[in-house]
Each structure stands twice: as structure tokens, then as C-alpha cells.
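Notes for the one structure printed next.
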Amino acid sequence: MSSADRLHEPKSWRLGTGLLALLAICLVPAVAGAALYLSHLRDTALRDAYRAADLVAIGTSDRLRWLLQDAEAMLASMAARPLVRSADPTACDPLLAEFRTISPAFKTLALRLTDGRSLCSELPQPPSQQSVAAAPWFQAAVRQPGFHVSDGHLGNVQNEWTVRLTYPVKDASGQTVALLITPLDLRQLQERLFAQLPASNLGAVVDAANRVLVRSTLQGERAGKPAVENVSRGIDALRREARAAGVSAPASLQFPGVGIDGVRRLFVIRTVPMSGWVAVSGVPEDETLRDYRATRNRSLALILVVLLAAGLAAWRVSRGIRLPILGLAAAARSVARGDLAPRAPDAGPTEIRDVAREFNSMVVATAEARERLRTSEREYRTLLQNLPVAVVSHASDGAVELFNDRACALLRMTPEQMRGTAADSPVWHFVDAQGERVQPCDYPVAQLLRTHQPLSPQIFGIVAGDAAAAHTWVLVNGYPQLAGDGRLLHAVVAFVDISAQHEAEQLRLAKESAEAASQAKSDFLSRLSHELRTPLNAIIGFSQLIQMDPQLPAERRAQLGHVLSAGEHLLSLINQILDISSIESGAQKVATQAVPLAPLLETCVAICRPLAQAGAVALEVARPLPGEPDPAAVQVQADPTRLRQVVMNLLSNAVKYNRPQGSVRLAVRQDGAGGEGPGVHVDITDSGIGLAPAQLERLFEPFNRVGAERTGVEGHGLGLAHSRALARSMGGEITVSSQPGQGSCFTLHLQRAGHPAAASRPGRVN
Ligand code: ADP
């Protein structure tokens, strides 16, 4: 795959990943919404908690403000009294009585000069001038032009943690001459401020030095102690903010922190007007956020359950889809590899099961189609193998692809040699009808590859290797197998072995040529013989006339006898030649008839007997045993004159080429048990010189005496040729078997007259 294709290929993603993404798309907003909701709940809970804490802080701050305003007003009214302004120590009793009347809430009242000397005091033993004058709260109060609220400090008398409220007493010139002093009862204050406060909530007041003045719990232990660190830091920050804002309005700050008891609280701190104090309120975080946390935990549990359920459902769905699809993919891969056995699992959602079923049906159909294809291919190969022609299919590059055994046999190559061999393999080549070597570019397959057109039948000879002549002649057909787009797929060439027909044709041509030559020879001989016979008859006729002259001297008569004898011999020769040639040319038709064989043979033997006696050769005829049928007592299908000629020739030869005291025996055989066969055979057996195989081969050639011309036996080598021509003209034959020095057996085969098989065989004339 090219990089461009890869670019355009859609990005692949896994089903599990897709489902997870889908799950995320659905669940993330839900989870985010739940988180937002929980956050909102938490904010609300925190806001409510801080508001509750702030209410305590506001209440504390307000109550303190009211207290201090009351105290200021009370002290201011007292400071304005003449008795006070007179700073007369003797007027203390009425002054203190009035103070009790005006402000029963305050414990004691004291009047001291600015140098610390006590003018009036409800205490029996007021602190000394020096100790008071040295106290920081007193020095700070003296410096103040008005009402002053001190920080917490240990009281001089009772050694208790206390706060002093002071107001300056001024003379007529406005000069501070004394201070009205009243201590603030912190225990009472603690009760007044925090009596209603729930035990879990914390309320406290811290002075300007960040020391605890009052506290809703642990007052005894914590009073005068520094506030816990984180609260101190908050107070410092609040003071800085207030200073920076430059406003005297109450300011507040809220923050979480850990209290002295280790409990985590939500703190709200508020400045207390008219003092450097800070009201502190704290609500326990756990308690205030309990509802929120319960809701949050329930929500988280619900979300978790939903997430788990969704995840499980997604996993089940993914698995339920993924496993069948993986099975389907595995089956598809097997099919692609050619293995049609695996099937897609029938599982999963209906749609996937439908696909799996369709896929399986397709695989089954493919397997069946493949089986059909295999069967068809088997049949095709069987057909190809059993075709009576050789077939070779070539690929488009000419290489041999497919072939049958006949093709291997024809080209004399093994299947291994055939496969992949080029069409113009030098192992063999073609020759045309004239035996000329065909160029490879004119081979049938080359023509097919070039033209893509079916070939018209052509005859070629196939020559193996360097052989000179074709070993097989073939009729070649060829056709191209084309694809739909005209592309050549295969070039198929079929060879039909026509060697037999070719040979027959060659033989026919040769025979025609031989027959023409033979005809010409016969015609020539016929004309020649005729031309010779006419003057020869004249010679013989005039010689006979002259011989009849009684005046002829004896010597001339004898000479004339020689002329006559030579003329008759020559005439006999010419007649025989003429006879042979006319029989061979078919000019002479032989009329056969049923001829009784025994009398004819008797006649022939009788004629030959003098010759045999002259040569001291015993001539005998085989006789049947008493009681047995005579095989010679049969009629044969023959021309009696011709048959006599043949038998006479064979008998005279047997006598001529015999030896003194030799023998000649004539016997007749018949075919079939009981002599019912169609053939009748006349054996003429002699004990003569015999013939060698080489002589036998040329025995029937005219004028060939196979060596007898050197023996002194008379003859001219025409007898056997003439006899065989005659025998064949009657539908018979002459065969011979011989052993040199032992004798020969010439057999004349004849057809029995009247036999159906014999009657159906026409007479042969050549
Ligand atoms: P001819 O006898 O006139 O020579 P034939 O045609 O009758 O001519 O015989 C051809 C030759 O066959 C003879 O010359 C002889 O050599 C051989 N021949 C024929 N018959 C016999 C026989 N019975 N035994 C041996 N040789 C024979």
C-alpha cells in the first residue's frame, strides 16, 4: 500500500475503544454534572456553616459593642458629675452609691489620679499606686483622650484575668486629672455571650494581643492564653485588611482551621468596635458538612454504581460483539488462506449472527463450487488425457502449462521435461510436408501468440533432436483462449497423429507409380512379344513346310529340326512372358470352375513320370490309408488348363532339381477336421538340392534362377513366376519351405469348390 493510500485510509479504531468513548461521552457530562452539583452542595453547606458561625461572631461582636457603649455611656455620665470632677476622696461613698444605682451590671468602680493614686475604690485593699501606675493598661488609658478598653491582663488584687474599662475625668480646662476605672467581669461576660451557644460550637473573644479573653468552653484554662496559631494568623490578616480599608466598620474573615482541641472548624472572625478585640466563632466542619458529606457519599456511591453498571454493560456488549466478530474474522482469514473448513460462530447480536450465517452459507457455497470445479477439472483432465489427440496449452509467454500423455509421447519428453518448456525448445522441431525445417517463428504456437486467431489445420512432421526425418506426422490445430479484454490467456495446440495416413498416402503414391511402371513394362512386353511372335511363327511354319519336302537331304532335315526346336522354345518363352505380363496387368481374366483334383493330378504325374525315370527319381503320389477318405477326391475352384500348367511346373522342377535316386512325393491336404475347411493344399516334396534363405527370397523373380544356371539343368527362370501368377489368378498361392541339401516342399494352395468361404473370396489376378 502506498503512503498516499495510507493517508486516505480511514483511521481504524477498536470496538472496545469506541464503546469506551461512547460511555465517556454519556457518563462524563453526568459525572461532571454530579460533581458540579456536589460542589454546589458543598459550597452551600460551607456557606451555611460560615453563616451560622458568622451569626455567632456578629452576635458576640454586637453584644460586646452594646456592652462597651453602655459602659462608655455610664462612665461618661459618671465622669461628668461634679463629685467626680472634684476628685475629692471624701465624696467616694455617694459616688459609688450612685454608680451602683446607674450600673448594677458592673462589679466595681475606682477613681484614680493619673499618677495611679487611688481616690475612690470599692475594694477594701485597692492596689498600690505604684503597681497601678506601672501597669500597661493604666498607662495606655492615661494616654487616651476618651473611653478606653484595655487588653486582657492579670488583675493586681485577685490575680484574675481581667479587662479594665477606663474613662478620663477632666477638669475645667479639659485636662485629664483622673481615670474612672471599672473592671469587666469576664466570667459574667462569658456567660452573657455564650450561654446559648451549642456545645459543639466555639465562641471566643481575643484581645489586641491575640490572647483569649473569653471562650465558650475551657474558659479557665484558655483565658489569657494566645489564640491557636491559625486563628492568630487569621486575626492578623483581618486587622491588616481593616487597617488597609481604613474604615472603622466591623470587618470579618472566614477560614477553615484546626482548633485547640484538634477539631477542624470553620472559623469566622469579626472585629469588635470600640476595642482592639476580635470575636471568634467556629463551627465543627464535620458536623456542619455531615449532611453534605452523606449526600456526597450517597451520590458518589450512586455514580460509582452507575459507572460500574455502565462499564459492565459496555464490557458485555463489547465482548458480545467483539467475540463473534473476531470469530468471523478468523473464519474469513482461513477462507482467504484457502481453508474452507472453519465457520463463523453463530453467536452475538442478531445482526452479527445474520452476517455470520450469511458468511457461512457463502463459505458452504464456495466449498461446493470448489468441489464442482475440482470434479469438473478432474473430468476435464480425464477428457484431456483420453483424447485421441495430443494437446499442449501454452501460457502467454509461450511456456508449456498443460498437456496430456499423448503430447509427452509425441514430443518424446517426460512430463517433468514438458512442464515450463518453451514452445521453441531445441529438443525437437517441425518440418513441413516437403521435409524442410520450419522456423520457430512459424510454429503453430508462435502464430497463435502473434495473431490471437484460431489456426487453420496444418500438417507438420515432428523431428526429435538431430534426426534427419520426421518420426511422426501430425495435423496441427490451434486456438487462442482470450480474456474478456482480448488479452491472450492460453494458446492451445492440438496434434493429431496422421503418421499412418501419411504412410498410407506415401504407399499409395508409390504403388500408383509402381503400377504405372508395371503397366508400361507389361505393355512393352506385350507389344514386344507380339512383334516377335509373328516372325517366329513364320520361321516355324516355313521350317515345317521345308521339313515336309521328301527331297530334303537327311543332314538338312536334322539342321532344320534344330531350327524348329529353337523356334518352338523361343515361342514358348515368349508365350510365357506374354502370359505373365497379361495376368499381372489384369488384361487376362481367368475363368475358374469346379475342377476334380485327383484326375488332374494323375494326368500331371503320368506326364512327368518319363522325366523322373530319366533322372532316376522316384515319383510317388500319397495314397489314403484303407478305409480313410482320399483328400484328393475333391473339387477345387480353378481353371483346369492353368492348374495343370502350375502342377506340371512344380513337379518338373522337383524332378529337375533333384538328385539321382532321389524322390518326389505329391500329397493333398484339406483344411479343417474331416476336410470341411475352405482350403485345399497340394504339397510337392522332393529330396533334391534344397534352397538357402537368400535364394528363397528371390525365388519368384522372373529370369532369376538363383544359381541353377551354373548347374547345367535347363531352364530360363520363368516357371515359378508364371506359376505363382497363375495360382494367384485363381485365388490361390504358392509357398515354399526348404533346407539346403535336404530338399524342398512347394505347396500349391487352392480353394475348395462350393465352399461358402471360398466362394466369397474373389479370384486374385496379381
Ligand atoms: P527354371 O526351372 O526354368 O530355371 P523356374 O522358374 O521353374 O525356372 O525355377 C527357378 C529356379 O528355382 C530354378 O532355376 C531353380 O534354381 C530353383 N528351383 C525351382 N524348383 C526347385 C526345386 N524343386 N528344388 C530346388 N531348386 C528349385
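Below, all heavy atoms of this structure are taken into account, side chains as well, without hydrogens, waters or symmetry copies.
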Problem set entry | Check against side chain to side chain contact (heavy atoms under 4.5 Å, CB included), Y657 and V713 | CA-CA 8 Å; Y657 301 106; V713 179; 3.7 Å; yes
Exercise. Could you go step by step and tell me if I577 and D579 meet the side chain to side chain contact (heavy atoms under 4.5 Å, CB included) rule?
Worked result: CA-CA 5 Å; I577 290 171; D579 209 18; over 6 Å; no
For this session: Quick one: do W473 and D497 satisfy side chain to side chain contact (heavy atoms under 4.5 Å, CB included)? Show the steps, please.
Result: CA-CA 6 Å; W473 284 92; D497 186 347; 5.7 Å; no
For this session: Might you work through the salt bridge (charged side-chain N to carboxylate O under 4.0 Å, His left out) test for E377 and R381, ending with a clear yes or no?
Result: CA-CA 6 Å; E377 198 173 307; R381 284 186 183 278; 3.7 Å; yes
For this session: Show your reasoning for whether side chain to side chain contact (heavy atoms under 4.5 Å, CB included) applies to Y443 and V438.
Result: CA-CA 7 Å; Y443 281 10; V438 178; 4.0 Å; yes
Problem set entry | Residues D339, R337; criterion salt bridge (charged side-chain N to carboxylate O under 4.0 Å, His left out); working and verdict | CA-CA 6 Å; D339 179 8; R337 282 197 306 271; 5.6 Å; no
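With values rounded to the nearest 0.5 angstrom, I684 atom CD1 is found 9.5 Å from N653 atom CG. To the nearest 0.5 Å, atoms NE2 (H452) and OG (S396) are separated by 8.5 Å. Distance check, rounded to the nearest 0.5 Å: CG of L597 to CG of L643 gives 6.5 Å. Going from atom CG of L748 over to atom OG1 of T735 covers 9.0 Å, rounded to the nearest 0.5 Å. In this structure, L489 CG and H394 NE2 are separated by 15.0 Å, a value rounded to the nearest 0.5 Å. Note that the CD atom of E351 and the CZ atom of R353 stand 11.0 Å from one another [nearest 0.5 Å].
The side-chain heavy atoms of I498 and I459, taken from C-beta on, include a pair separated by under 4.5 Å. Side-chain contact between M730 and Q637 is absent, with no heavy-atom pair separated by less than 4.5 Å. When side chains are defined from C-beta on, P454 counts as touching P480, because their heavy atoms get closer than 4.5 Å. At a threshold of 4.5 Å between non-hydrogen side-chain atoms, the residues F746 and V682 do not count as touching. Inter-residue side-chain proximity for L573 and L718 is flagged as met; some heavy-atom pair is nearer than 4.5 Å. Using a 4.5 Å heavy-atom threshold, the side chains of I462 and H471 count as touching. Within the 4.5 Å cutoff, side-chain heavy atoms of Q481 are placed close to those of Y479. Contact of the R752 side chain with the V636 side chain is not registered, since no non-hydrogen atoms from C-beta on lie closer than 4.5 Å.
Remark: side-chain polar atoms of N575 are paired, donor with acceptor, to backbone N or O of L571 under 3.5 angstrom. Not a single donor-acceptor pair under 3.5 Å links the side chain of Q635 to the backbone N or O of A594. Proximity of a side-chain donor or acceptor of Q742 to a complementary backbone N or O of Q739 within less than 3.5 Å is not detected. At distances below 3.5 Å, at least one donor-acceptor pair connects side-chain atoms of S334 with backbone N or O atoms of A330. A donor-acceptor distance shorter than 3.5 angstrom exists from the side chain of S723 to the backbone of G719, with no hydrogens or angles considered. Counting only distance, with no hydrogens or angles, the side chain of S738 and the backbone of L691 share a donor-acceptor pair below 3.5 Å. For R406 (side chain) and L387 (main-chain N/O), a donor-acceptor pair under 3.5 Å exists by modelled atom type. Under the 3.5 Å distance criterion, the side-chain polar atoms of R322 are left unmatched by any main-chain donor or acceptor of G320.
By the side chain to side chain contact (heavy atoms under 4.5 Å, CB included) test, R669 pairs with H681, D683, T747, sequence neighbours left out. A search for salt bridge (charged side-chain N to carboxylate O under 4.0 Å, His left out) contacts involving R378 returns E371, not counting sequence neighbours.
Among all heavy-atom pairs drawn from Q385 and F403, the shortest one is NE2-O, 4.1 Å. Smallest separation of non-hydrogen atoms from A344 and N360: N-OD1, 2.8 Å. Between P444 and V476 the shortest heavy-atom distance is CG-CG1, 3.5 Å. Closest approach of P640 and L600 over heavy atoms only: O-CD1, 3.7 Å. Annotation for V668 and A632: closest pair CG2-CB, 3.8 Å, computed over non-hydrogen atoms. In plain terms, the two heavy atoms of C604 and R644 that are nearest each other are SG-CG, 3.5 Å.
Of the candidates V389, V496, L410, V474 forms a side chain to side chain contact (heavy atoms under 4.5 Å, CB included) with just one, namely L410.
Shown here is E503, whose CD atom has no more than 12 heavy atoms of other residues, nucleotides or ligands within 6.0 Å. Annotation for R698: atom CZ does not count as buried by contact number, only 12 or fewer foreign heavy atoms lying within 6.0 Å. Summarising the local packing, CD of E714 is surrounded by 12 or fewer heavy atoms from other residues, nucleotides or ligands at distances under 6.0 Å.
Using cut-offs of 30° and 60° on the angle between ring planes, the pair F460 and F430 is tilted.
Screening residues 408-417 for side chain to side chain donor-acceptor pair (under 3.5 Å), with sequence neighbours left out, gives T414-Q417.
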